[in-house]
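The next block holds one structure in the form of structure tokens; read it before the comments.
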Amino acid sequence: MSRTWNPQHRSVMWGCLLVLFVVITWGEAPTAHAGDIRVTAGLGGAGTEWRSDAMFTTKLKFGYRFLDVFGIYGDFGLGYAGVDQRVLTQFALGIQGWLKFGIVRPYLRVSIVHQHEESLSVVAGNFGKAILGIGEGIRHRGGIGFGLGTDIPIFRYKKLRLFLAIEAFLKWFPGDMGPAVYAGGNLSLGMNFHL
């Protein structure tokens, strides 16, 4: 049964953007500096509504944070899922807002996600084309991603900060080309440089 975009999906999207706005404006007063360049790399796992469809994934995020509470992100992920032995390549662009609670920084992120899903045999035939999404047998899927997590500082030296990020995530894709929902978590190591 195919799923189509309808006004109810738009309401969910606007509701999530409203929650993100509240998170951004509810936090502590921002500190005065130009911004932060952020790089985060991590590993994670997830499942889908398909039975026994466990997934392993990697993540590499690049971002810029304004006023210590609002950021824009681009991220790349490469993963493998058990059902259909498929390789998953994800590209996402999103916005993220932080709060301050003591030394930890809880956050919420909303992203637009593009994901390629292809069988292992397609990737083995031409890895480069498969990763770029230009090979044959690749399912291109677009959706929305959400992340809820916290940054935990572990090292500080002048303008450089290292942190651990623990995150739960949810990705939703309309249509019937694969699972509609991916839900899981990841653990990442991040670097933050104050400009």
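Positions are given from 1, in the same order as the sequence printed here. Just the heavy atoms: all of them, side chains too, but no hydrogens, waters or symmetry mates, feed the values below. All values reported here derive from a predicted model rather than from experimental measurement.
For the side-chain hydrogen bond (donor to acceptor under 3.5 Å, both in side chains) test, no residue two or more places apart in sequence or in another chain qualifies with T58.
Checked by atom type and distance alone, the side chain of S111 never pairs as donor or acceptor with a backbone atom of V113 at under 3.5 Å. E117 places no side-chain N or O within donor-acceptor distance of the main-chain N or O of R86, the cut-off being under 3.5 Å.
With salt bridges taken as basic N to acidic carboxylate O contacts below 4.0 Å, none links D151 and R105.
The neighbour count for L60 CG, taken as heavy atoms of other residues, nucleotides or ligands under 6.0 Å away, is above 12.
Considering K171, R141, H116 in turn, K171 is the only one that fulfils the side chain to side chain donor-acceptor pair (under 3.5 Å) rule with Q90.
Ring geometry for W98 versus Y73: interplanar angle of 30 to 60°, hence tilted.
In this structure, CZ on R109 lies 13.5 Å from CD1 on I72, to the nearest 0.5 angstrom. In this structure, CG on D68 lies 6.5 Å from NE2 on H194, to the nearest 0.5 angstrom. One finds the CZ atom of F76 at 11.0 Å from the NZ atom of K59 (value rounded to the nearest 0.5 Å). Atoms CE and OH, on M55 and Y182 in that order, are 7.0 Å from each other to the nearest 0.5 Å. Note that the OG1 atom of T40 and the NZ atom of K61 stand 5.0 Å from one another [nearest 0.5 Å]. Between atom CG of residue L88 and atom CD of residue E118 there is a gap of 8.0 Å, rounded to the nearest 0.5 Å.
Residues L78 and L43 do not share a hydrophobic cluster, clusters being chains of Ile/Leu/Val/Met/Phe/Trp/Tyr side chains in contact below 4.5 Å. The same ILVMFWY cluster, assembled from side-chain heavy atoms under 4.5 Å apart, contains both L164 and V39. If you chain together hydrophobic residues whose side chains sit under 4.5 Å apart, I144 and V181 fall into the same group. Hydrophobic clustering, with ILVMFWY side chains joined whenever heavy atoms are under 4.5 angstrom apart, keeps F91 apart from L93. Tracing side-chain contacts under 4.5 Å through hydrophobic residues (I, L, V, M, F, W, Y), one never reaches V87 starting from F56; they form parts of separate clusters.
F101 and P106 get closest at one heavy-atom pair: CD1-CG, 3.4 Å. Shown here for R51 and V83, the closest heavy-atom pair between the two residues is O-CG2, 3.7 Å. Of all the heavy atoms in H140 and M177, the pair that sits closest is O-CE, 3.8 Å. Taking both residues in full, the closest heavy atoms of D53 and P179 are given as OD2-CG, 3.9 Å, listed atom of the first, atom of the second, then distance.
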Side-chain donor-acceptor contacts of residues 184-193 below 3.5 Å, not counting sequence neighbours, with atom names and distances?
unit_1: N192; atom_1: OD1; unit_2: R38; atom_2: NH1; d: 3.4

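Annotation: side chain of D84 is in contact with side chain of W50 (closest heavy-atom distance under 4.5 Å). Taking the side chain as every heavy atom from C-beta outward, D75 and F62 never approach each other to under 4.5 Å. Side chains of T48 and F173 form no contact here, defined as non-hydrogen atoms less than 4.5 Å apart.
Listed by first and then second residue, the ring-ring contact (aromatic ring centres under 6.0 Å, His included) pairs involving residues 149-168 amount to none (not counting sequence neighbours).
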